[in-house]
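The structure appears below as structure tokens.
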Amino acid sequence: MKALLEVVILPVSEPERSLRFYRDQVGFDLDVDYAPTPEFRVIQLTPEGASTSIQFGVGLTDAPAGSMRGLYLVVPDIEVYRRELIDRRVDVGEIRHNDAGRDGWRGGFLPGLDPGRADYASFADFRDPDGNAWVLQERGPADPMIDR
């Protein structure tokens, strides 16, 4: 059975601030900003080329603002994307890579890019203004959904 993940709802405290962050700093495209009543507003943004969007607003979730963890933003060149985010005033952590060692990866990391630029092996972190946590992950050009 086929299914598509279309939307992830982010718990935020100030929708306007989050809209500015995701649109103006992270560079997501604004799809929807709909507020039929003061008690309900949905703002939807999508990373360029992605098929999954984020939503936040008013009346969408009762999760505490900033409680989302482990959102992966997969990019073709983590150095370039990280630099773009930093240039847009996003506080992005240093790049790290899997410490595969001789026995394979067991959850540890080393500083810097994966020496072989292996898919899924290099990471960097950032948070939105509420603290929702994102992970940049590099996946190379073999994926037709991503251009390097």
Side-chain angles (χ1 to χ4, degrees), residues 1-34 41-57 60-148:
M1 174 170 38
K2 183 177 178 177
L4 300 174
L5 178 63
E6 294 277 338
V7 173
V8 174
I9 296 178
L10 298 181
V12 303
S13 61
E14 297 177 36
E16 284 300 322
R17 178 181 68 178
S18 295
L19 172 58
R20 287 189 305 273
F21 177 77
Y22 284 106
R23 182 191 59 206
D24 303 338
Q25 290 181 256
V26 180
F28 289 5
D29 296 324
L30 176 63
D31 304 321
V32 173
D33 188 347
Y34 177 67
R41 180 179 181 190
V42 61
I43 299 168
Q44 179 174 305
L45 298 106
T46 305
E48 182 181 337
S51 60
T52 303
S53 303
I54 59 169
Q55 287 183 356
F56 51 83
L60 296 180
T61 181
D62 60 359
S67 62
M68 183 65 76
R69 300 287 181 267
L71 295 164
Y72 275 66
L73 193 57
V74 178
V75 298
D77 187 320
I78 196 167
E79 288 180 306
V80 168
Y81 202 90
R82 180 178 179 272
R83 172 56 42 207
E84 287 177 11
L85 288 177
I86 290 170
D87 289 347
R88 291 172 166 235
R89 300 178 338 272
V90 176
D91 184 16
V92 184
E94 295 296 322
I95 296 173
R96 67 187 186 285
H97 68 276
N98 295 341
D99 179 7
R102 63 174 191 240
D103 297 325
W105 189 53
R106 296 175 182 251
F109 297 96
L110 295 172
L113 283 168
D114 177 73
R117 300 294 288 262
D119 287 346
Y120 308 106
S122 296
F123 308 85
D125 302 301
F126 71 95
R127 292 180 183 266
D128 74 8
D130 284 296
N132 292 304
W134 290 82
V135 178
L136 296 179
Q137 182 180 45
E138 185 173 85
R139 181 172 61 196
D143 188 318
M145 296 297 293
I146 296 180
D147 299 317
R148 187 174 245 173

Within-4.5 Å side-chain heavy-atom neighbours: D125 and L136: no
4.5 Å side-chain heavy-atom contact, L60 and V42: yes
Do you know which two heavy atoms are closest between [X] and [Y], and how far apart they sit?
X    : Y    : result
I78  : A124 : CD1-N, 3.7 Å
V26  : Y81  : O-OH, 3.7 Å
S122 : H97  : OG-CB, 4.1 Å
G57  : V12  : N-CG2, 4.4 Å
F56  : L10  : CB-O, 3.3 Å

Would you check if the side chain of [X] reaches a backbone N or O of [Y] as a donor-acceptor pair within less than 3.5 Å?
X    : Y   : result
R88  : R83 : no
Q25  : R89 : yes
R69  : G66 : yes
N132 : P11 : yes
T52  : L5  : yes
Q55  : I9  : no

Salt-bridge contact R23-D29 (side-chain N to carboxylate O under 4.0 Å): no
Salt-bridge contact R41-E16 (side-chain N to carboxylate O under 4.0 Å): yes
Under the side-chain contact (heavy atoms from CB on, under 4.5 Å) test, residues paired with E79 that sit two or more places apart: D77, I95, L113, R117
Neighbour count >12 (heavy atoms, 6.0 Å) for atom OH, Y34: no
CG (D87) with more than 12 external heavy atoms under 6.0 Å: yes
Positive for side chain to side chain contact (heavy atoms under 4.5 Å, CB included) with I43, one of V32, D31, L30: L30
Donor + acceptor pair across side chains of D130, S13 (<3.5 Å): yes
D24 CG to Y22 OH distance, which is reported to the nearest 0.5 Å: 13.0 Å
Parallel, tilted or perpendicular, as decided by the 30° and 60° cut-offs, for the rings of F123 and Y72: perpendicular
